[in-house]
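Just so we're clear, the structure is a prediction, and the values are computed from it rather than from any experiment.
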Amino acid sequence: MLIATWNVNSLGARMPRVEEWLEIWSPDVLCLQETKMSDAKFPALDFQRLGYDSVHHGEGRWNGVAILSRVGIDDPVAGFEDDDEPDVDARIIWATCGGVRVASVYVPNGRELGHDHYRYKLDWLARLRRNLEARYRPDEPLVVLGDWNVTPGDDDVWDPAAFEGSTHVSEPERKAIAALREWGLVDTLRQRYPDAGIYSYWDYRNGDFHKRRGMRIDYLLATPALAVASVADLVDRNARKGTKPSDHAPVLGEFDR
DNA sequence: ATGGTCGCGCAGCGA
């Protein structure tokens, strides 16, 4: 089972690249973030033509998450699986694909330390943890994947010193990700490559991609029940090249199941 | 050199 995640930075702008990419890789499941699209405009028929069922949770101009699957897509839930107030943004969608519970997540950026949006980011991650605790167990096959907007450690940033005092590297954010791991999630790529400088996002500016100045903020977090079957992890850097690329590359995990 | 690029949508914000 091949499961992938890709922050496409507008599906409207990226559809040619996404269709091309699906034909190259034929993943079983592809999670998308930042579709920047309403549900009404989501091109479900185009994905159907490529063999994928899909679910989408979008508002229009900002955010927006989706799951595409060619191994079934059951029990979809848009937003958190709790009875609290609905999230103000469309940032998480769930579905069961081929016997694996999948969540596609677009974690708030945070903007600046101390900003209201930074508090929202930390609250959002805590709410995700409560959702997992209330609804799932680490011995069930589940993967939460997407754009976390947090580097789990210093190996995940091209120059940690350059980001001192910024979001994406702060201790509270990293503790929130560590708390998810402590509940029972495995960062499969990092487990396979313990200290490699592997990135998934490069700013469009400054030629950062060509200078290899990136961050690893897109990843799969799988329960041990699923991670035990992990056989490969990779970032498709080729998708960050060429005409009208997203600023994120797709991240793939393969499981022997 | 203290910016630099995208996307959205038509100014300027968000990333």
Check this for me, if you would: do [X] and [Y] make a salt bridge, where the nitrogen-to-carboxylate-oxygen distance has to be below 4.0 angstrom?
{"X": "Asp156(A)", "Y": "Arg174(A)", "answer": "no"}
{"X": "Asp82(A)", "Y": "Arg127(A)", "answer": "yes"}
{"X": "Glu81(A)", "Y": "Arg101(A)", "answer": "yes"}

Open item on the list: Regarding Asn109(A), tell me which of base, sugar-phosphate or nothing describes its non-hydrogen contacts under 4.0 Å with the strands shown.
Closed with: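 Counting heavy atoms under 4.0 Å across all strands, the contact made by Asn109(A) is with sugar-phosphate only.
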Task: Cluster overlap Leu132(A) with Leu221(A), hydrophobic side-chain contacts below 4.5 Å - done: yes
[X] [atom1] - [N] [atom2] separation (whole Å):
{"X": "Gln33(A)", "N": "dA15(B)", "atom1": "CD", "atom2": "P", "answer": "15 Å"}
{"X": "Arg213(A)", "N": "dT5(B)", "atom1": "CZ", "atom2": "C1'", "answer": "15 Å"}
{"X": "Arg205(A)", "N": "dT2(B)", "atom1": "CZ", "atom2": "P", "answer": "15 Å"}
{"X": "Tyr201(A)", "N": "dG7(B)", "atom1": "OH", "atom2": "P", "answer": "13 Å"}
{"X": "Phe163(A)", "N": "dA15(B)", "atom1": "CZ", "atom2": "P", "answer": "16 Å"}
{"X": "Lys36(A)", "N": "dC13(B)", "atom1": "NZ", "atom2": "P", "answer": "15 Å"}
{"X": "His210(A)", "N": "dG4(B)", "atom1": "NE2", "atom2": "P", "answer": "18 Å"}
{"X": "Asp147(A)", "N": "dG14(B)", "atom1": "CG", "atom2": "C1'", "answer": "13 Å"}

Open item on the list: Both Asn7(A) and Arg14(A) contact DNA chain B. Which one's nearest nucleotide lies toward the 5' end?
Closed with: Arg14(A)
Open item on the list: Go nucleotide by nucleotide along DNA chain B from the 5' end; which of Tyr106(A) and Asn206(A) gets its closest nucleotide reached first?
Closed with: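 Final value for this comparison: Asn206(A).
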Open item on the list: dG7(B), OP1 or OP2 - any side-chain N/O from Lys244(A) closer than 4.0 Å?
Closed with: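 Answer yes for this pair, as a side-chain N or O of Lys244(A) is under 4.0 Å from OP1 or OP2.
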Open item on the list: Any side-chain N or O of Ser10(A) below 4.0 angstrom from OP1/OP2 of dC8(B)?
Closed with: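 Yes, such a contact exists.
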TODO: Looking only at side-chain atoms of Arg61(A), point me to the closest of dG7(B), dA15(B), dC8(B).
DONE: dC8(B)
TODO: Provide the distance between the two C1' atoms, one in dG9(B) and one in dG14(B), to the nearest whole Å.
DONE: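 To the nearest whole Å, 13 Å.
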